[in-house]
Amino acid sequence: MQQWLPLLGVPVMVLGFALRLNALLVVLIAGALTGWANGLDFDALLQLFGQKFLAARQLAAFVLVLPVIGLLEHYGLKTRIRELVVRRRAATAARILMLYFLLRDLTGIFGMPQAAGQVQTVRPLLAPMVEAAAEARHGELPAPVRELLRAHAAACDNIAIFFSEDIFIAFGAVLLIDAFLKDSGIAGITPLQIGLWGIPSALCALAVHFVRLARLDAAIERQVREHRAAPAVGP
Amino acid sequence: MSALVSQHGLFVLIGVIVLLQAAAGLRDRGNANRWIGALFWGLFSLPFLFGDTLVESWGPAAAYRAAGIVVVALALLAGSGRVRARGELQQRPAPAPPPTFRLLTPALLIPVVTLLCVTLLAKLKFGNIPLLDTANPTLTALGVAGVCALLAGWALTGGTPLLAVSESRRLFGAAGDALVLPQMLAMLGGVFIAAHTGDAVQHLAVSAIGPGQRLLPVVIYGLGMALFTMVMGNAFAAFPVMSAGIALPYLIQGQGAQAAPLLAIGMCCGYCGTLLTPMAANFNMVPAALLDLRDRYKVIKVQAPTALCLLAINIALIYCLAFR
């Protein structure tokens with residue numbers, strides 16, 4: 001029984017997220033229960049919370065980019081992006097996502113993952129472009145389709161960067177694997193070899209996601225048509 | 001060794017932006033929750049504004065305790081469900097949009113400047129003082145890019161940085177406490193580590209493996225990387241635990257698997273887990289909040305088919321490539 005106590009926080013998280021309780025509150029309860037079950041007193045727990053929270057401050061780095069996004073959107077960035085995209089008839093939502101996927105792969109392979117990202121490029125540029133392209137083709141988009149496209153923009157960035165940055169030999173993952181090998185006394189493997197073994201996974205990620213994206217434009221068209229055909233339903 | 005653009009300086013800048021949000025939000029008289037929102041953002045700015053100073057002057061124990069109290073207060077305020085803006089936010093009349101290039105230039109400056117930061121500026125030094133703090137390249141790159149783009153936006157549109165901060169409150173207001181989630185979850189990951197959660201997971205995984213098997217340990221290693229990453233929200237935290245617990249004894253030593261493909265592709269199994277978990281908040285939850293998605297799990301749902309498919313493929317890749 002004792003050995004399962006450290007896992008107490010996991011079912012709490014699953015239950016809390018499933019019940020759609022406030023995420024911060026769920027995290028606090030899961031942390032408090034885990035700490036308490038493992039013999040931390042209140043003061044030690046409070047200090048542990050504070051220490052780890054301070055140590056994770058770099059995760060709020062995206063705050064530094066929000067003001068300029070707010071400014072540009074105030075002046076009509078989305079309108080201008082729409083005008084740009086609408087003029088290009090070949091630009092469909094899926095094709096824009098595919099192109100972005102390839103560019104994002106390149107930033108990973110060359111070790112520059114920070115050059116793009118959820119706040120840097122997805123929110124201000126990619127999501128409005130994808131939405132505008134779909135709108136130009138299919139007319140006014142129903143809310144669920146809009147949500148789907150925005151989520152696809154975010155997903156595209158994540159999937160492309162996760163599986164491509166391992167190929168770059170100085171990326172954290174390769175260094176972590178290298179350090180693990182040295183700790184375990186396994187010699188004769190260079191970071192370059194580790195990086196090369198990241199290539200099959202990166203190619204598979206590209207293939208799988210492109211197959212899905214290739215069917216996206218048709219799926220949007222179907223959803224828009226179904227939405228128009230369906231009679232308006234109350235809330 | 002201090003840099004001209006230091007981590008401490010950027011934290012203070014984040015604190016100032018967040019604190020200004022608190023002030024800007026108070027002016028939205030249409031928002032019934034403005035006081036709770038202001039208190040929340042005010043509290044959230046404190047660890048950024050004073051965190052480093054307090055650790056120096058009060059000592060770690062007292063400073064961590066104070067930060068811990070802030071964390072508890074943030075979670076309780078968020079739990080009241082009244083941090084997110086409700087009602088009409090005061091809108092400034094939208095000006096006529098400036099020409100396209102004036103708007104797109106600052107937006108494109110963000111990725112271009114981050115690119116410059118990681119490639120060229122990271123190596124720049126004035127005498128002995130480096131220009132950029134290299135301890136945390138993402139933070140520095142985003143900070144420099146954010147400020148450069150903001151100044152360019154000021155020059156090209158005439159909108160001041162103060163207007164920018166005020167206008168970004170729509171982003172802060174809509175996203176609400178989801179913006180604090182990455183840090184809270186990283187904190188929870190820290191508590192899990194302190195509670196030796198890894199040992200329990202390892203114990204659980206190993207209990208299923210018998211001697212002389214090859215496929216089963218491969219599957220358990222791949223699934224274990226994905227599942228433990230889902231718990232921790234971070235593949236790097238899962239990797240040493242699962243690799244030392246399963247890959248090393250049962251596959252490398254037990255079955256003579258090649259370490260390089262096994263571990264490199266094992267890490268990718270972990271990334272499949274990252275795509276599936278709300279614990280990886282900065283990848284899955286913050287984007288959903290910033291893109292104003294009603295369904296906060298929509299990004300994860302869209303990623304799920306690709307992630308599950310890739311998990312199966314990566315496990316098969318290990319089996320095919322690590323034993324040759």
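Chain letters run A, B, ... following the sequence lines, proteins first and then strands; every chain starts at 1.
Both the backbone and the side chain of A/Ser201 come within contact range of chain B, each with at least one heavy atom under 4.5 Å from a heavy atom of that chain. Using a 4.5 Å cut-off between heavy atoms, A/Arg146 makes no contact with chain B at all. Using a 4.5 Å cut-off between heavy atoms, A/Asp183 makes no contact with chain B at all. At a 4.5 Å heavy-atom cutoff, the contact between A/Leu181 and chain B is made by side-chain atoms alone. Both the backbone and the side chain of A/Leu66 come within contact range of chain B, with heavy atoms under 4.5 Å apart. The contact between A/Leu84 and chain B is made entirely by side chain atoms (from C-beta outward), counting heavy-atom distances below 4.5 Å. Proximity to chain B is limited to the side chain of A/Ala127, based on heavy atoms less than 4.5 angstrom apart. The contact between B/Leu317 and chain A is made entirely by side chain atoms (from C-beta outward), counting heavy-atom distances below 4.5 Å. With a threshold of 4.5 angstrom between heavy atoms, A/Ile81 approaches chain B through side-chain atoms but not through N, CA, C or O. With a 4.5 Å cut-off on non-hydrogen atoms, A/Ile159 touches chain B through its backbone and its side chain both. In this structure, chain A has heavy atoms under 4.5 Å from both the backbone and the side chain of B/Ile69. Interface residue B/Ile252: only side-chain heavy atoms are found under 4.5 Å from chain A. Proximity to chain B involves both the backbone and the side chain of A/Phe62, based on heavy atoms less than 4.5 angstrom apart. Contact of A/Tyr75 with chain B is made through backbone and side chain together, with heavy-atom distances under 4.5 Å.
Separating the OG1 atom in A/Thr79 from the CG atom in B/Leu103 is a distance of 8.5 Å, to the nearest 0.5 Å. Taken from CE in A/Met112 to CG in B/Leu116, the straight-line distance is 10.5 Å, to the nearest 0.5 Å.
The choice from A/Ala60, A/Gly195, A/Gly35 that makes the most heavy-atom pairs within less than 4.5 Å of chain B is A/Ala60. In terms of heavy-atom pairs under 4.5 Å with chain B, the best-connected choice from A/Lys52, A/Arg80, A/His209, A/Gln120 is A/Arg80. Ranked by heavy-atom pairs under 4.5 Å with chain A, the first of B/Gly51, B/Ala61, B/Ala194, B/Ala288 is B/Ala61. The residue among B/Lys298, B/Met230, B/Gln258 with the most heavy atom pairs within less than 4.5 Å of chain A is B/Lys298. Comparing B/Ala145, B/Pro60, B/Gly190 by heavy-atom pairs within less than 4.5 Å of chain A, the highest count is held by B/Gly190. The most heavy-atom pairs under 4.5 Å with chain A, out of B/Gly79, B/Ala152, B/Ala75, B/Pro261, come from B/Pro261. With chain B as the partner, the residue from A/Leu77, A/Ile194, A/Val14 showing the most heavy-atom pairs under 4.5 Å is A/Leu77. Across B/Ala259, B/Ala186, B/Ala141, the residue that shares the most heavy-atom pairs under 4.5 angstrom with chain A is B/Ala259. For the options B/Asp292, B/Leu181, B/Asn282, B/Ile313, heavy-atom pairs under 4.5 Å to chain A are most numerous at B/Leu181. When each of A/Ile189, A/Val122, A/Leu72 is scored by its heavy-atom pairs under 4.5 Å with chain B, the top score falls to A/Leu72. Chain B forms more heavy-atom pairs under 4.5 Å with one residue of A/Val63, A/Val65, A/Val10 than with any other, namely A/Val63.
In this structure, the side chain of A/Ser184 does not engage the main chain of A/Ile186 through any donor-acceptor pair within 3.5 Å. Distance alone, capped at 3.5 Å, places no donor-acceptor pair between the B/Ser166 side chain and the B/Leu162 backbone. Using a distance-only test at 3.5 Å, with no hydrogens or angles considered, no donor-acceptor pair links the side chain of B/Ser243 to the main chain of B/Pro240. Judged by distance alone, the side chain of A/Arg150 and the main-chain N or O of B/Leu291 form a donor-acceptor pair under 3.5 Å. B/Gln21 places a side-chain N or O within donor-acceptor distance of the main-chain N or O of B/Val165, the cut-off being under 3.5 Å.
Under the 6.0 Å cut-off for aromatic ring centres, B/Phe283 and A/Phe162 qualify, their centroids lying closer than that.
With respect to the salt-bridge test (charged N to carboxylate O, under 4.0 angstrom), the residues B/Asp52 and A/Arg57 qualify.
A/Asp166 and B/Tyr271 share a donor-acceptor pair across their side chains, judged by distance under 3.5 Å alone. A donor and an acceptor atom, one from each side chain of A/Ser164 and A/Arg104, are nowhere located under 3.5 Å apart.
Nearest heavy atoms, B/Ala178 versus B/Val286: O-CG2, 3.7 Å. In plain terms, the two heavy atoms of A/Leu149 and A/Glu131 that are nearest each other are CD1-CA, 4.4 Å.
Within a 6.0 Å radius of CZ in A/Phe110, other residues, nucleotides and ligands contribute 12 heavy atoms or fewer.
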